*Asks:* 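Sharing a structure with you now.
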Amino acid sequence: MEDKTTIIENDIFKNVVSHAKEYGFVFPSSEIYDGLQAVYDYGQNGVELKNNIKQAWWKAMTQLHENIVGIDAAIFMHPTTWKASGHVDGFNDPMIDNKDSKKRYRADVLVEEKAAEYAAKGEQTKADDLVKKLARLLESNDLKGVYDLIVEEKITCPVSGTCNWTEVRQFNLMFSTQLGSVADDASTIYLRPETAQGIFVNFLNVQKTGRMKIPFGIAQIGKAFRNEIVARQFTFRMREFEQMEMQFFVRPGDEMKYYEEWKTLRLKWHKAIGLPAEKLKYHKHEKLAHYANAAVDIEYEFPFGYKEIEGIHSRTDFDLGNHEKYSKKKLQYFDNELNKNYVPYVVETSAGADRVFLAILCNAYTEETVGDGEQQKQRTYLKLHPALAPIKAAILPIVKKDGLPEKARKIYDDLKYDLRITYEDKDTIGKRYTRHDLIGTPFCVAIDHQTLEDDTVTIRHRDTMQQERVKIEELRLKIRKQTSFKSILELC
RNA sequence: GCGGGAGUAGCUCAGUCGGUAGAGCGAUAGCCUUCCAAGCUAUAGGUCGCGGGUUCGAAUCUCGUCUCCCGCUCCA
């Protein structure tokens, strides 16, 4: 029973992926060259949808909170940034696999365990030598040396008991590149693995120039890059992805209060953009990252299971504190009420734009059987929130003659400055309705012969297929009202 | 990284015993048409993922490689 459900759900996901490609939402990157693993491009409809999601987030953050402002920091940052953040040391692990048990280990951990074994047996010198040797090899990035050491020491896999190892590979989280036209070691920099650090290094700039008073937040939307061990599930886990992050700076000791507040507010936002409450849940982290003292994920029930779409972390003063240490610049705030300086604590909300996009797309994808008996047929459409839909309305003359196209063009030209709309007169009206259902256009405006007589048109609603007749002059207000971000923001 | 499955037109897929590739939908240009993809005509689109090998001949057999999917592993 459960298997059957999984299969059906996987089919639905496959359909969503196909649909995303066929209707211009998401294409595999460099597809003509066979694609590039875990990299995807957004197509003509995808970019509109994604931009709308980002706007809904940006407005919810900056427009609705007078104490939150936005920035747009560069992707390139000073290399020391990543030492301070812990990314350089924390995520450079040498990995090794045992070919018999198929288990993967941290190579350095295997050697350290061996050393501990020696120590336990009272061979302290031997243990110390081994640890020193390992440190030297890691220092010089000598992976072959680490492998040789493991073989030399006859370290076996605890599961298979064999010494049949693969070579030692480096797991590098960050992508590196060269800054400047002359390549040398000194100019190696990283593509940022998270946007947060761009906010932290600008903490004082924003606080001072914006005269921000704690508590306050800095929001940012931007690309981030990570090498993933396994990159899978379509756009869910990509090497290049976009984050929507907000760092909220608070008085030390207040962090749990704001952590709870943002936990609630962020869930509300996901509901407001159309994700159903029953498919959203919190997932509390038991194991915390090096920088956090509390962490929770907001998960959405994708066809392939509950997965994280946003993380809310209490990051303490870890980041600002470390940047103080490494930069030797004081990153503190003078609190008038307390009459003292301190390094603020940080509550982070970090949503994946691509993940929210995928959740919205999965949720919107609807296959329905409509009609009875012989008339019964399948209908596929995207039930997108009107404010998020790539195209807000299609302007369609019911036939391509009798002056209807001209009349429709006039309406289109009049509305195009206010609304993202399209004009189409190819094919029967039914086909055109269907085409727009498939990309989630909420409204289709039909111009018929009656229009020529009394300046009224019909509006056909995507979800219900119901039509209403309205005056041309009412169109603008009516469509703008229903596709405006206000309907989302009011729920945030 | 390991194991399993797959890759043929934009999409979904056929393709027999090895004999130089098809359908449906979609697209394009028209015709017809007053409301939900279904009428008519025409057209475009594929070195069968890529590269070797076997063969007179490979979409088909074989080896390698790349990409995707499922499971394991790892993960902030």
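Per chain, numbering begins at 1; letters A, B, ... match sequence-line order. FYI, side chains are in, hydrogens and waters are out, and symmetry mates aren't considered; it's all heavy atoms of this structure. The structure presented is a predicted model; accordingly, all values stated were derived computationally and were not measured.
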*Asks:* Considering only B:A76, B:A38, B:A27, which nucleotide approaches the side chain of A:D427 most closely?
*Replies:*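 In terms of side-chain proximity for A:D427, the closest of B:A76, B:A38, B:A27 is B:A27.
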*Asks:* Under 3.5 Å, side chain of A:Q466 to main-chain N/O of A:H461, donor-acceptor pair present?
*Replies:*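 No, because the side chain of A:Q466 does not come within donor-acceptor range (under 3.5 Å) of the backbone of A:H461.
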*Asks:* Using the C1' atoms only, state how far B:U60 lies from B:C31, rounded to an integer number of Å.
*Replies:*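 One C1' to the other, the span is 43 Å.
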*Asks:* Between B:A29 and B:U65, how many Å separate the two P atoms, rounded to a whole number?
*Replies:* 46 Å
*Asks:* The side chain of A:H449 is closest to which nucleotide in this list: B:U12, B:A27, B:U34?
*Replies:*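 Of the candidates, B:U34 comes closest.
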*Asks:* For A:F241 and B:A76, give me the distance from atom CZ to atom P, rounded to whole Å.
*Replies:* 14 Å
*Asks:* Identify, between A:K401 and A:R432, the residue whose nearest nucleotide on RNA chain B lies closer to the 5' end.
*Replies:* A:K401
*Asks:* Kindly indicate whether the side chain of A:D448 and the base of B:C35 share any N or O donor-acceptor pair separated by less than 3.5 Å?
*Replies:* yes
*Asks:* Look at the side chain of A:R379 against the base of B:C36 and say whether a donor-acceptor pair falls under 3.5 Å; ignore hydrogens and angles.
*Replies:*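 No, the side chain and the base share no sub-3.5 Å donor-acceptor pair.
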*Asks:* Looking only at the side chain of A:M465 (C-beta and beyond, no hydrogens), which of the listed nucleotides B:C11, B:C36, B:C35 gets closest?
*Replies:*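 Nearest nucleotide to the side chain: B:C36.
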*Asks:* Do the two ring centres, one from A:Y345 and one from A:Y258, sit under 6.0 Å apart?
*Replies:*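 No: the rings miss the under 6.0 Å criterion.
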*Asks:* Tell me whether the rings of A:F302 and A:F304 are parallel (<30°), tilted (30 to 60°) or perpendicular (>60°).
*Replies:*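 Geometry flag for A:F304 against A:F302: parallel rings.
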*Asks:* Kindly say if A:K400 contacts the phosphate of B:U33, meaning a side-chain N or O under 4.0 Å from OP1 or OP2.
*Replies:* no
*Asks:* Is there a Watson-Crick or G-U wobble partner for B:C32 with both distances under 3.5 Å, and which nucleotide is it?
*Replies:*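 B:C32 is unpaired by these criteria.
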*Asks:* Of the candidate nucleotides B:C68, B:A76, B:A27, which contains the atom at the shortest distance from the side chain of A:Y40?
*Replies:*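 My answer, after comparing the listed nucleotides, is B:C68.
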*Asks:* Let's see if you can work this out: which of B:C35, B:C75, B:C11 has an atom nearest to the side-chain heavy atoms of A:R237?
*Replies:* B:C75
*Asks:* If I pick the P atom on B:U43 and the same atom on B:G49, what distance separates them, to the nearest angstrom?
*Replies:* 28 Å
*Asks:* Once you apply the 3.5 Å cut-off to both distances, tell me the Watson-Crick or G-U wobble partner of B:G24, or none.
*Replies:* B:C11
*Asks:* Do A:E48 and A:I391 have side chains that get closer than 4.5 Å, going by heavy atoms?
*Replies:*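 In short, these two side chains do not touch, never coming nearer than 4.5 Å.
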*Asks:* If the cut-off is 4.0 Å, is A:T428 near the phosphate of B:C35, judged by side-chain N/O to OP1 or OP2?
*Replies:* no
*Asks:* Measure from the side chain of A:E22, starting at C-beta and using heavy atoms only, and say which of B:C35, B:C36, B:G10 lies closest.
*Replies:*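 Output: B:G10.
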*Asks:* Kindly point out which of B:U12, B:A27, B:G10 is positioned nearest to the side chain of A:K21?
*Replies:*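 Side chain of A:K21 sits closest to B:G10.
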*Asks:* Of A:H461 and A:V39, whose nearest nucleotide on RNA chain B comes first from the 5' end?
*Replies:* A:H461
*Asks:* Identify whether any heavy atom of A:Q467 sits under 4.0 Å from a base atom; if not, whether one sits that close to sugar-phosphate; answer base, sugar-phosphate or nothing.
*Replies:* base
*Asks:* Distance check, C1' atoms only: B:C68 and B:U8, in whole angstrom units.
*Replies:*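 Nearest-Å result for B:C68 against B:U8 at atom C1': 15 Å.
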*Asks:* Expressed as a whole number of angstroms, how long is the span from A:D402:CG to B:C32:C1'?
*Replies:* 13 Å
*Asks:* Please report the distance separating the P of B:A59 from the corresponding atom of B:C40, rounded so that it comes out in whole Å.
*Replies:* 35 Å
*Asks:* Measure from CG on A:L396 to P on B:C36 and round the result to the nearest Å.
*Replies:*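 So the two atoms are 14 Å apart, to the nearest Å.
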*Asks:* Taking the P atom of each, how far is B:G5 from B:C61, in whole Å?
*Replies:*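 One P to the other, the span is 14 Å.
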*Asks:* Of all the nucleotides listed (B:U34, B:C36, B:C68), which has the minimum atom distance to the side chain of A:R460?
*Replies:* B:C36
*Asks:* Could you state the CG-C1' distance from A:D437 to B:C35, rounded to the nearest angstrom?
*Replies:* 13 Å
*Asks:* May I have the distance from A:I429 (atom CD1) to B:C32 (atom P), rounded to whole angstrom?
*Replies:* 18 Å
*Asks:* Check the orientation of A:Y40 and A:F234. Use parallel for under 30°, tilted for 30 to 60°, and perpendicular for over 60°.
*Replies:*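 A:Y40 and A:F234: perpendicular rings.
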*Asks:* Determine: side-chain N/O of A:R435 to OP1/OP2 of B:A27, distance under 4.0 Å, yes or no.
*Replies:* yes
*Asks:* Between P on B:G5 and NZ on A:K14, what's the gap in Å once rounded to a whole number?
*Replies:*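 Rounded to the whole Å, the gap is 14 Å.
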*Asks:* Quick one: closest heavy-atom pair of A:H19 and A:T380, and the distance?
*Replies:*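 Distance-wise, the nearest heavy atoms are CE1-CG2, 4.2 Å.
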*Asks:* Which value, in whole Å, describes the distance between the P atoms of nucleotides B:G64 and B:C69?
*Replies:* 23 Å
*Asks:* Hunt down the Watson-Crick or G-U wobble partner of B:G3, both distances under 3.5 Å, from any strand shown, or write none.
*Replies:*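 Its partner is B:C70.
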*Asks:* Work out how far the C1' atom of B:C11 is from that of B:G26, and round it to whole angstrom.
*Replies:*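 Those two atoms are separated by 7 Å.
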*Asks:* side-chain hydrogen bond (donor to acceptor under 3.5 Å, both in side chains) with A:E424: which of A:K431, A:R435, A:R432?
*Replies:* A:R435
*Asks:* Taking the side chain of A:K426 as its heavy atoms from C-beta onward, which of B:U28, B:A38, B:A76 lies nearest to it?
*Replies:*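 Nearest to the side chain of A:K426 among the choices is B:U28.
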*Asks:* Whole angstrom is fine here: how far is it from CD in A:E310 over to P in B:A76?
*Replies:* 19 Å
*Asks:* Output the rounded distance in Å from CG (A:L452) to C1' (B:U34).
*Replies:*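 Going from A:L452 (CG) to B:U34 (C1'), I get 12 Å.
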*Asks:* So, A:E245 and A:R192, do they make that salt bridge, N to O below 4.0 Å?
*Replies:* no
